[in-house]
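Convention: sequence-line order gives letters A, B, ...; per-chain numbering from 1.
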2 protein chains.
Amino acid sequence: MSISSRFAVGIHILALIEINKDGVSTSDFIAGSVNTNPAVIRKIMGMLKNAGLVKVRPGIAGAQLAKNLSDITLLDVYKAVNVVQEKELFSIHENPNPDCPVGNNIQDAIIPLFENAQTALEKALGHITIEDVVRDLIDKENFENKKRSN
Amino acid sequence: MSISSRFAVGIHILALIEINKDGVSTSDFIAGSVNTNPAVIRKIMGMLKNAGLVKVRPGIAGAQLAKNLSDITLLDVYKAVNVVQEKELFSIHENPNPDCPVGNNIQDAIIPLFENAQTALEKALGHITIEDVVRDLIDKENFENKKRSN
DNA sequence: ATTACATGTAAATATAATTGTTACAGGTAA
DNA sequence: TTACCTGTAACAATTATATTTACATGTAAT
């Protein structure tokens with residue numbers, strides 16, 4: 001099992017809008033960078049829009065960030081693109097046997113433990129911003145270019 | 001997306017073996033408590049066995065724990081039942097465009113962030129033992145019985 | 001040895017999620 | 001009106017999950 005790449009693509013989209021801020025970031029343009037179909041980008045973009053992370057309007061080419069780079073955390077993106085439902089990172093078997101002391105209580109016993117672990121994950125995502133990602137991308141690209149010019 | 005319930009079932013199995021330690025925990029018996037097919041239990045049990053968490057032998061009825069309760073963490077179970085591959089909790093889109101500064105570096109930028117979050121999750125699981133779960137199960141069952149006798 | 005019953009495991013199925021594709025309705029501006 | 005964009009739905013291909021069925025293999029008691 002793996003969490004949908006919509007999350008990674010969402011991060012990609014936001015970083016690309018920033019780095020291409022002097023250009024026009026259409027779904028076609030973004031799809032070319034992500035290497036997927038423009039409709040996929042538009043769908044994810046719609047989710048980012050609903051979450052208040054980007055501004056984009058029907059008929060008008062290009063998307064813009066709706067917040068400061070440093071005010072968008074990975075957790076915001078993760079929630080926006082809906083890759084994991086609240087409290088449902090881990091699934092639990094349904095209908096354990098209520099006539100068994102274990103079956104009767106296992107769900108109540110496990111649920112808070114799973115929620116705890118999920119919270120730890122999400123907290124970690126909340127500490128990183130898109131600004132961090134963009135900075136890293138620029139550093140890496142500069143380093144690449146420097147290597148190439150040698 | 002959700003992490004397979006094999007994890008929750010694995011925890012259920014181990015707790016049940018402990019609580020039924022004076023009885024014989026066959027795959028049929030366990031399946032009755034989990035409320036699933038015995039073949040499912042045998043498959044998961046095989047994984048727990050490979051991970052050194054339970055002792056079970058072909059032809060001989062019943063499973064036993066292979067370690068102390070307090071020496072089995074939820075992380076051990078999680079790894080045993082193979083619900084999330086190493087470093088692959090989050091998936092990343094493949095083949096982003098190498099001719100774009102974002103596409104060219106996004107994977108390297110994101111991977112360590114994702115690994116970090118996954119580690120936070122797993123660390124949380126490492127702090128809980130099956131002993132904790134069993135204690136909670138017993139508490140909950142006692143409380144249930146007390147209510148019923150009133 | 002045969003019987004009874006357990007585990008180990010593979011194959012087949014149903015269900016659901018992910019990703020990509022195509023198509024088209026509707027918005028905007030030159 | 002034309003050209004191009006976003007928004008969205010329908011469809012297919014792929015993959016993972018969960019369950020069921022079946023059977024080979026191991027063990028022990030009669």
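Note: CD1 (A/Ile3) to P (C/dA16) measures 21 Å, nearest angstrom. Rounded to whole angstrom, the span from the CD1 atom of B/Ile17 across to the P atom of C/dT7 amounts to 11 Å. Separating the NE2 atom of A/His93 from the C1' atom of D/dT19 is a distance of 15 Å, rounded to the nearest angstrom. Atom P of nucleotide C/dG8 and atom CG of B/Asn50 are separated by 10 Å, given to the nearest angstrom. What separates NZ of B/Lys55 from C1' of D/dT27 is a distance of 18 Å, to the nearest Å. A straight line from CE of A/Met47 to P of D/dT8 spans 11 Å, rounded to a whole angstrom. Distance A/Lys43 NZ to D/dA10 P: 12 Å, rounded to the nearest Å. For the pair B/Phe29 CZ and C/dA6 P, the computed distance is 13 Å after rounding to whole Å.
Here NZ of A/Lys43 is found 14.5 Å from OG of A/Ser27. Values are rounded to the nearest 0.5 Å. The line from CD1 of B/Ile72 to CD1 of B/Ile11 is 11.5 Å long, rounded to the nearest 0.5 Å. Taken to the nearest 0.5 Å, the CD1 atom of A/Ile17 stands 11.0 Å off from the NZ atom of A/Lys55.
The residue among A/Ser25 and B/Asn82 whose nearest nucleotide of DNA chain D lies closer to the 5′ end is A/Ser25. The 5' end of DNA chain C is approached more closely, in terms of each residue's nearest nucleotide, by B/Val56 than by the other of A/Ser4 and B/Val56. Nearer the 5' end of DNA chain C, as judged by each residue's closest nucleotide, is the contact made by A/Asn35, out of A/Asn35 and A/Arg57. Comparing A/Thr26 and B/Ser2 by the nucleotide of DNA chain D that holds the closest heavy atom to each, the one mapping nearer the 5' end is A/Thr26.
A salt bridge links A/Lys140 with A/Asp136: the distance from a Lys NZ or Arg NE/NH1/NH2 to an Asp or Glu carboxylate oxygen falls below 4.0 Å.
Here D/dT20 is the nucleotide among D/dA18, D/dT20, D/dT6 with the atom lying nearest to any side-chain atom of B/Asn37. Closest contact between the side chain of A/Ala39 and the listed nucleotides D/dA9, D/dT17, D/dA28 involves D/dA9. You'll find that the side chain of A/Arg42 is closest to D/dG7, out of D/dT27, D/dG7, D/dA18. Of all nucleotides listed (D/dG26, D/dT6, D/dT21), D/dG26 comes nearest to the side chain of B/Pro58. Among the nucleotides C/dG8, D/dA18, C/dT21, the one closest to the side chain of B/Lys49 is C/dG8. Set against D/dT19, C/dT28, C/dT19, the side chain of A/Arg6 has C/dT19 as its closest nucleotide.
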Worksheet item: side-chain contact (heavy atoms from CB on, under 4.5 Å) between A/Val102 and B/Asn20: does it pass, once the steps are laid out?
Response: CA-CA 10 Å; A/Val102 176; B/Asn20 186 45; over 6 Å; no
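Note on A/Ser5: a side-chain N or O is less than 4.0 Å away from OP1 or OP2 of C/dT19.
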